[in-house]
Each structure stands twice: as structure tokens, then as C-alpha cells.
Amino acid sequence: MTAFLGQVGRELRLALRQSADLAMVVLFFALVAALFPFAVGPEPNLLMRLAPGVIWVSALLSVLLSLERLFLADYEDGTLELLVIGPQPLELVVLAKTLAHWLTAALPLVAAAPVVSVLYNLSAEAAGWLMLALALGTPSLSLVGAVGAALALGARRGGVLIPIIVLPLYVPTLIFGVMASEAALAGLSAKPYLLFLGAILLLMLFVAPLAAAAGLRHSME
Amino acid sequence: MTAFLGQVGRELRLALRQSADLAMVVLFFALVAALFPFAVGPEPNLLMRLAPGVIWVSALLSVLLSLERLFLADYEDGTLELLVIGPQPLELVVLAKTLAHWLTAALPLVAAAPVVSVLYNLSAEAAGWLMLALALGTPSLSLVGAVGAALALGARRGGVLIPIIVLPLYVPTLIFGVMASEAALAGLSAKPYLLFLGAILLLMLFVAPLAAAAGLRHSME
Amino acid sequence: MPELVGRDLECRRGGRVVFRDLSFALDAGAALIVTGPNGSGKSSLLKILAGLIRPSAGTLLRDGHPVEEDRAAYLRVICYLGHTDALKLVLTVQENLAFWNRTNDPARPAQALDVLGMAAFADLPARLLSAGQRRRLALARVLVSAAPMWILDEPTVGLDDQARQALSEVLAAHRAEGGSLVLSTHQAVDLPAAERLDLKAFAVEELPEMVW
Amino acid sequence: MPELVGRDLECRRGGRVVFRDLSFALDAGAALIVTGPNGSGKSSLLKILAGLIRPSAGTLLRDGHPVEEDRAAYLRVICYLGHTDALKLVLTVQENLAFWNRTNDPARPAQALDVLGMAAFADLPARLLSAGQRRRLALARVLVSAAPMWILDEPTVGLDDQARQALSEVLAAHRAEGGSLVLSTHQAVDLPAAERLDLKAFAVEELPEMVW
Amino acid sequence: MHRFANPGRFQRLADKILPWSAAGAVIALATGLYMGLIASPPDYQQGESVRIMYVHVPSAWMALFVYVVIALASASALIWRHPLADLTARAASPLGAAFALLTLVTGSLWGEPMWGTWWVWDARLTSMLVLFFLYLGHMALMNAFEDQARGYRAAAVLALVGVINVPIIKYSVEWWSTLHQPASVLRLGGPTIEASLLWPLAAMAVGFKLYFVTLLLLRIKSELAAARLRALQAAKIRAG
Ligand code: HEM
Ligand SMILES: Nc1ncnc2c1ncn2[C@@H]1O[C@H](COP(=O)(O)OP(=O)(O)OP(=O)(O)O)[C@@H](O)[C@H]1O
Ligand SMILES: Nc1ncnc2c1ncn2[C@@H]1O[C@H](COP(=O)(O)OP(=O)(O)OP(=O)(O)O)[C@@H](O)[C@H]1O
Ligand SMILES: [Mg+2]
Ligand SMILES: [Mg+2]
């Protein structure tokens, strides 16, 4: 158990050290979110309706952008070989890396969501629900992203399948996340959707590390 | 000239060998575009009104996703060194790589746009104008993106840095692109906006290679 | 009884047989030098010993038991150094090393750097290191691995004479403590009483089949 | 008059002076072997000669004229091989090589591969090559560069005896054609009548002067 | 190059200028604030809230001005490789960002009473927001590298590309908003400001300029000290 925590801690330290200062992640998030009004026009109430979708897409994007290189770098510089034959279970390493990634790349977005929602004139309460939905949904994005990144290594020679497998896995999270915020906006109960998000997260917590670890081992051949 | 074409051909071959990344881009585009109906609900005419903006943003974000790969691989495996001191002017190399990037990362989106616009029941003719606008606008996105990718080489965290420095510069292209499509939708003439897109493209064709080449040279230090 | 035994090992890479019927035995404190022309399978063999890839035939025995029986236990006793240095260029030298420190002694990394003449660079980001300095840092990782069996793939690549000298002292000390050692190389190395394994003998004459 | 002359070269990396007051002269057909401990600045010097980085002081003269006067012309006559192999792992061996072929003769790449014993791998993706095979492929790029001045940073790294033999024959042939040659190495290389430049002599001990 | 550019001379020059610029800034700002907040009458339609303008507008002007300063510094840094230019750009960037942010904040504080909401996608507001992002990107890039020199070069190139784009951005955003919404949503005072408002505004503008000069010099001086420190540390590391 202490070995577990120690391992996680070390993975975290490395990931945190490598990852950008949180400010950059937040800035990126705000930039993407601020982009949409240029595209759909400045009508306040239209923007308000778009806000959840926009914020969710921005979150998804920053997860994609930052997770892809997580394993790739280790793969290219040989670190991955050592992790694969390292003393601790690879699933754990994956979990730790993903957790670290979520803390550095996703959590800041959850925190920044209210600021962004000012641009969209969201009510404080709607923003709160949005944050909750993000907090529940983004971990799933990180986990699924980890699987994708790992599989992509094995398929360096161009398996078109990988994204086709991975991206659809994002859809449920995205849709339930958006709908939860939607419901909150419309004054309905967001609970059912949040429950779905939680369920997806539990499932992914179990599946993703196994799948990702398998992908990493496969990439050694 | 043959050298230029050789460069383009090589980049294309490389991209196709890693076709997973290509599929990623298109799928991401479709996913983002398909998401917004969930966010704003199914009113047909509202969706139609949003279509150009949503499609443009999706395209922009997908291009963003693929930017980091533009120079990073060459930087890490030492190819860039050879290109920098190679016989053909670095500006041309940049242009070639950017062209290849556009062909592999942006052109597919232009092609996919009509499919997506069916989701928003755009008229075939409006979709046509949209494609035209995209075809004229996305090259500027690739060019500006090349500058960002070159400047971020060797940075602590390129993945997030590139969008941060590039996105503000995307605003004009996005605005004119969307307005062109909207004008077409509203039955007005899209020409003036298309002209602006062309003007921006010309400017960037001149500025971006210089800036990016400078960035690449500096990355040798 | 020898500590590590390879029996009739066969290795396929990319659908082609690299070597076959390869057997060897390694005692505690002993050293095995793997030689052979480029592409003869040195790295492949070392990767098999490191548990990175599985032999397509034959078995690997540790203390008489097949390694597969308890893979985790086996992986704990080995330390592998490949062609790549496995450095994080954005981290400083000591950050890189501290991450791999498997000894319970936090002072060991500093000692290891000192032994390899890298103490002066401890606070430099690895990106600024020269090729040989990077290799030295990669070797320092082995010193802090606390593993009794070292598997080193061309450890001397890029090292200057002084560093090579330091390395052979380190290796001697490791063996003196009863540690064993497998290393591949193209250069002359001075390892007293080391066994040699020339892979040319096990090569399989066969053009590489096209790999899609 | 010597073909390439370095006069009082000084090199800074990361705000520190690596070497200073370094001068050398290289005639056509001559060879210069750069030696020195790790971090003494061999790669840095070769990068300066390759035009990748600029010396912080001193000048580089070709046929008596400062290289800066016509940089493009200078870059056309040199071919640089660094520590990295600059291979695209998803491309096949010949695809990799064909791209760098500066001779107008499309048959040359195949010949170069043959000379370096890589002909059998022409259609293999570079991903499947062993370390030494990759280095051989990187060297093949130099053979098809058609440049009279070669600048090779530790070309023999990872090569087996046979490949090293083939390389020294290639180098001899290159010099026989009047081509000149600068290479850095930590190993013994047999280059008849080659000048040596030991960077230990130009190391800078004193603290670096204030840099902004 | 940098062996000719000598820090000492700059230090002496800066020390000469600093007291004057500082004093000037204090005086100008004081008079401006007095005239603006106390002497001048409230606006007949905007009431007291108009007084925010005395901070808002000058900072908006400064935000634009500073970006030009950075671009010029970057150009000279790339052409003459003069270290002072690098330091100027580095020192100016956060100041410009601060002015932009001040404009945004005062603006939205102003917007609250004006249009009952903190934010409106009005052309000026929006283009100022983009400019703010440009600043942040510049800062992020400049600090993203281990060795400062690399950060300076990259940021300099970015600043030049940026300054080419700023007018295009401003223009496109204006077109965008005018096309989307009736310009009536927000009537910025613009030229139709009467004299009683103009004088304090001018005083504030002058004050802001001097304030900027003062801060810039101070920051450059501290950057110099920091660089010296970095060099010495590097020396210590390498010397072992
Ligand atoms: C977030 C909110 C706001 C932002 C970001 C903002 C931005 C700007 C900018 C960039 C300028 C300088 C334009 C130029 O000089 O070309 C400006 C000027 C000005 N703003 Fe705002 N503004 C905001 C809100 C407001 C509000 C609510 C008012 C009052 C109704 C207002 C009144 C003015 C006036 C009177 C000027 C001076 C115009 C001139 O001298 O040309 N602004 N603002
Ligand atoms: N990109 C860089 N930035 C800053 N300093 C660097 C950089 N690359 C190398 N250095 C430093 O410059 C010095 C010389 O490096 P260089 O690579 O030239 O040494 P070398 O003689 O090639 O060593 P080796 O034999 O290990 O290849 C080293 O001390 C290194 O720390
Ligand atoms: N990942 C791989 N997939 C398929 N084949 C491979 C792979 N790696 C190496 N090979 C092939 O296996 C053979 C042995 O490779 P290996 O790296 O073991 O040789 P080596 O003895 O280490 O050579 P070197 O001395 O150059 O390092 C080579 O012919 C190579 O083509
Ligand atoms: Mg090998
Ligand atoms: Mg070197």
C-alpha cells in the first residue's frame, strides 16, 4: 500500500514537473471557449445555451492535446521499456500517470469554468452544476484518452482503427456531461445525467488501466 | 522545384503511413460538429443558422490538434538539423511541410464538411459556399499554425503552448470564414468575405514561412 | 548451479528468425560479453533477458526455475540499459536520476553521479548534456538500481576513455559484491574472466521476409 | 591555401564558454580527427563547421573568404552527420535514403547501401533496423550527399568491425577524390596522415564572463 | 554583439531618468484624478459611473501602445541582437497585459451599470480581449524555455507576427460586431466627449505613459540583476 502511494507520488511528481504550469492549461481552455462567439455571433441568450457544449468541447480538446504525448515521449526516449519491466504493476503506472494528467490538465479547467461562463452570462448556479459535471466527466476523458494513447503506440504503423475505437468512447461522456449542464440551465434536475457520468467513470476506472497497460506491453514487440 | 515537390511527397507519405493520426483529425471534426445539436436542441432553423460557425470552429480545432506534429518529429530525430543546413531555402521547406500538413489535416475536413452540414440540413448550395470558404481559409490556419509550431520547438510543453500563441491570430480567418458562409446562407453575396480570406492567405503565404523559418533556425541553438 | 541459464533460445523479430538454438549459463559474480555483427541479435537477446520480449522458442531459467513462473520476482533482480538513454530532457540531471533510485538511500544518486564524473552537472537540465554525458547519466541509473543482475546494451557508446575506465571499475565492484553482468559491445572491454558469446555462431541464414 | 580555416573560434553553449581561441586548417583531401573528453565541445565544434550554430567569436574561412559572406554556397559543399540518425522509422530503408540523394544518379543510393552491407534491408521499414544498421543507413546518407567536405560526429558509434572497415575504405576513397573530412570520435580510427585536434587543450577553466 | 552593449551605461541612464518619470507620473495622475473625480461634473446621462472612464480609456490606449513598443524592441532584438531590446520586450509584456486587464475590468465594472451585464461581445471589448490573449501568449512563450535566449528569440518573432495581425484582428472584430448587432447597444463616448471630460483624460493619459516608463526602467534593471544572478549560478554549476 505504501509502495502504491509512493509509486503514485513519484509518477505524480514526474508528471507534474513535466506538465505545463497550470496557468497555461487554463489559458488554453479560456482561448478555445472564447473562440465560439466569433463563430456563432454575440447574442447573449444563444451563447448562454451554447455554453455547456462549448465548455465541454474545450475541456475534451485540452485533454486530447495534452494526453497524446504522455506515453509517446516515454516510448521514444526508452523510459517506457523500463516502466514495463519495472517493479510495480504497469496498470498502476498507467493509473498514476492518468491521475497526474487529470490533476494537471483537467482539474484546472474545472476550476476555471466559472470564469469562462461569465463570458457566456451563465448564472452562478448553472456554473456550479457545470463544474460538478466537469469534475465527474473529465476523469473519464483522461482514462479513455490514456487507452487511446497507449493503443496508438502499438499501432505506430498506422492502424486507422485506434481513433475509431477511442473517439466514440468520448461521445457518451460528452453527451451526458452536456445534458447535465443543459438540464441545470433549464432548471430541471441534472442528477440522472450525473449518475450516468459517475457510472461511466467507474467503468473506465476498471477497464482503462487494463486496456492501456496491454497496449503499452504490446508496443514493446 | 523538384526538391519542393520531393519534400511534399515525403511528408505526405509519412502522414499516410501514420494514417491513424489522419483519421483522428477527421473523426474529431465530425465528433465536435455532431455534438452541438445536443447542446442547443433540435430546432432545425437554429441549427442551420449555427452550422457555419460550428463547422468552422470544429475545423479550426482539428487543425489545432495536428499542429504539434508538424515539426516536432523532425526536431527530435535530427532531420530538422539537416533541413536547416540543407541546399534548399528553409522557407521553402516550411512551405512544403505546411502544404503537406494542409493536404493531410485540413483538406479532409473541407471534403467532410458537406457530410457534416447534412446534420444541420444545410442546402447543397450553402454547403458549397461553406466548402469554398473553408478551402480558402484553412491554408491560413496551417500557415499561422506552422509559425506557432516552429516557435514552440524545444519548449517545456509545446502541446498546449502552440494553441495559446496561435489561437488569437486565428480570429480574423474564423470571422471572415463564418461570415462568408452566413452571407451565402442568407442569400447575400459571400464575395467580399472570400476576398478578405484570400487577402489574409496571401499575407500569410508571405509572412508565415519567414517567421517559421526564423523560429526553426533559432531552435538549433 | 548457475544463476541464469538460457536453453535453446530462438528469437524472431518482425517475422524473421534472428538466432536459434542459443544456450548459455551465467553464475553469480560472472560476466557474459555478447558480441556479434550488427543485426546479429545482441539487443534482441538482451531484451529477452530483460523480459521485454519473449523468445519464440527455448526457456530462460533462474536458479533452475523457468523465469515465466514468477516473472515479477525475476524483473525485480535485473536492471536493463538499452540503446536509448531514457532521459527526460526537461528534468535536471538529479531529477532524472532520483526518479529511478531503487535504493532506500537518498544519497546514492549523488554518489553515482560522482563516480561517473557527472557531479558538476547535477542541476543542469538533461537537454543541455552532451551525448557522452547523457550516456553517463543513463549508466548512473544502473548504479542506483540495487539490482544484482545488470543487462547492459553497448554501455560504452559515446564514452570517453576516462568514463570507460570508471565504468569498468564500477563493473568490477559490482561483480565483487556477487552481482552478475551481461553486456553487449563492439569495442574491446577489460572484464577479467568474462565469458564471451558470439552471436555469429547462431545466426540464421535467411533473407528478411518483407514485413508488409 | 587550405580549403577550410578556423581562426580563434570561441563557442558558447547555454551561457558558458565551451572552448576558445581554437584555430585549425584543413586542406582538400586532408582529414581532421577531433578528440576530447565528453563535454569538451566536439559536437559543438562540428555544429559550428556545419553552420548549425554560430561561433560566439572568431571566424570560419573557406578558400580564404569568411563563410558568412556566402553561407548558401558553403552549406552546399558540406555534409553533416550528427549524433542522431535522422531516420523516419515508418519509411523503408531506401525511401529514407532516396530523399537525401543529392547525386543526380538514382542508382547511387542502392550502391551506397551495398557498400555498407545494407542492400538486403532496402525494403525493410527503418523501424525494424538494429542500432548499428540505423547508423549504417545514416552513413549511407553521407555517401549520396555528393558534398566534397564531410563533417561526421562519432560516425563509428554502434558499428561492428566489418562496418567500421567498410567506412574507413569509404573515407579513404572520398579523400582520394580530393574530398576533405572532419570527424570526431572516442575510438581509434585508421585514417592515414590525418591531423588531430584535441579539444582538451582549448577548454576554458575560468568562470564565464557575465552574460546578459 | 553583447560585449559592446554594456549594462553599466544603461544603469546610469536609467538612474538619471527614473526620478523625473516617477515624479511626473505622480503629478499627472494626481491632477488627472482630482480633475476627473472631484472637479468635473457627473455626465448628464451616465452619472457618476462616467468617472471610471478616466482609468478605463487611458489604460486602453496604453494597452495598444505597449504592444507596439514590444514589437519595436523585438525587431531591434532580432536585427541587432541587442540584449537591451530583449530585456525591454520581456519587461514590457506583463505591463501591457496588466493595462489590457485593467481596461477589461474597469470596462466591465462600467458595463454593469451601463447595460446591466458584466460582459458584452462589443467590438472594442472583444478586440481588447484578444489583445490581452496576445500578451499572455507572448509571456508564456518567452518563459517556456530553459535557456532565456531561446525564449527571447521565439517571443520576438511572435511579437512581430502579432503586430502585423493586430490591425487585421481589430478590423475584423469591428466588422463582425457591427454586422451582428445594432451599434446602438453601446454608445462609447468617442469623439463626442466635451472638454470638461477631455482635460482630466489627457492628464491621466500622460500620467499613465510616465508610469509605464518608470515601471519599465525598474523592471529592466531588476531583469539585469536576475540575468547576472542566473549567469553566476550557471557558472557555479558548470564549474562544479
Ligand atoms: C469590458 C468592458 C469594456 C472594454 C473591454 C472596453 C474597451 C475599450 C477600449 C479598448 C477602448 C479604447 C478604444 C480606442 O481608444 O480606440 C475603450 C474606450 C472607451 N470606452 Fe470602453 N470598454 C468597455 C466598456 C465600456 C463601457 C461600459 C463604457 C461606457 C458606456 C465604455 C466607454 C468607453 C469610452 C467613452 C471610451 C473612449 C472612446 C475613445 O476615446 O475613443 N467602455 N473601451
Ligand atoms: N543545446 C545546448 N545548450 C547548452 N549547452 C549545451 C548544449 N549542448 C551541449 N551543451 C554543453 O556544451 C558542452 C559541449 O557539448 P558537446 O556536445 O559539444 O560535447 P562533446 O565534445 O560532443 O561531448 P561528447 O563526447 O559526449 O559528444 C557540454 O558541456 C554541454 O553541457
Ligand atoms: N522491433 C523490431 N521488429 C522487427 N525486427 C527487428 C526489430 N528490432 C530489430 N529487428 C531485427 O532483428 C535483428 C536483430 O536486431 P538487434 O537489434 O538485436 O541486433 P543487434 O545485434 O543489437 O545489432 P546492433 O549491433 O546494430 O545493435 C535485426 O536484423 C533487425 O532487423
Ligand atoms: Mg543492438
Ligand atoms: Mg558529441
Side-chain angles (χ1 to χ4, degrees), chain B residues 49 53 140 143-180 182-183 186 188 192-193 196-197 199-201 203-204 206-221, chain E residues 67 71 74-75 77-79 81 86 93 97 100 121 123 126-181:
Chain B
R49 210 185 123 326
S140 313
L143 284 164
V144 177
V147 178
L151 292 180
L153 275 182
R156 248 183 250 106
R157 197 74 152 66
V160 190
L161 187 56
I162 297 173
I164 287 178
I165 60 183
V166 157
L167 273 177
L169 303 176
Y170 277 176
V171 168
T173 310
L174 177 61
I175 288 178
F176 287 123
V178 173
M179 280 160 72
E182 283 179 343
L188 308 171
Y193 308 107
F196 274 111
L197 284 180
I200 294 179
L201 176 53
L203 179 68
M204 282 310 148
F206 171 71
V207 174
L210 294 176
L216 294 182
R217 291 206 182 85
H218 294 326
S219 74
M220 292 296 112
E221 288 299 322
Chain E
Y67 200 85
S74 303
L78 287 176
I79 298 168
R81 296 244 165 153
D86 284 329
S93 195
W121 290 91
T126 308
S127 48
M128 181 55 63
L129 185 64
V130 176
L131 182 60
F132 179 58
F133 283 141
L134 278 177
Y135 275 119
L136 293 185
H138 184 259
M139 287 160 64
L141 183 60
M142 183 171 269
N143 298 318
F145 299 88
E146 279 92 25
D147 45 355
Q148 259 309 326
R150 196 63 186 87
Y152 285 143
R153 306 271 164 68
V157 176
L158 178 64
L160 290 179
V161 175
V163 82
I164 295 175
N165 277 270
V166 163
I168 307 178
I169 292 173
K170 197 147 171 37
Y171 178 61
S172 63
V173 169
E174 238 136 49
W175 193 337
W176 166 76
S177 72
T178 46
L179 182 128
H180 274 98
Q181 62 190 151

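The basis for the numbers below is simple: all heavy atoms, side chains too, and nothing from hydrogens, waters or symmetry mates. A, B, ... follow the sequence lines: proteins, then strands. Residue 1 opens every chain.
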Heavy-atom cut-off 4.5 Å, strictly under: side chain, backbone, both or neither for Val173(E) against chain B?
both

Most contact-rich option vs chain E, by heavy-atom pairs under 4.5 angstrom, among Ala150(B), Ser219(B), Ala211(B), is Ser219(B)

Identify the residue among Ile169(E), Asn165(E), Val163(E) that makes a side chain to side chain contact (heavy atoms under 4.5 Å, CB included) with Leu134(E).
Ile169(E)

Looking only at Gly137(E), Ser172(E), Ala154(E), Ala140(E), the option with the highest number of non-hydrogen pairs under 4.5 Å against chain B is Ser172(E)

Side chain, backbone, both or neither: which part of Leu131(E) has a non-hydrogen atom closer than 4.5 Å to chain B?
neither

Show every donor-acceptor pair shorter than 3.5 Å between a side-chain atom in residues 160-170 of chain B and any protein atom, with sequence neighbours excluded, or say none if there are none.
from, atom 1, to, atom 2, distance (Å)
Tyr170(B), OH, Leu141(B), O, 2.6

Evaluate the side-chain proximity of Arg153(E) to Arg81(E): yes if any heavy-atom separation is below 4.5 Å, no if none is.
yes

Is the Phe176(B)-Trp176(E) ring centre distance short of 6.0 angstrom?
no

Contact class of Leu160(E) relative to chain B, heavy atoms under 4.5 angstrom:
neither

Could you work out, with side-chain hydrogen bond (donor to acceptor under 3.5 Å, both in side chains) as the rule, every residue matching Ser93(E), not counting sequence neighbours?
His138(E)

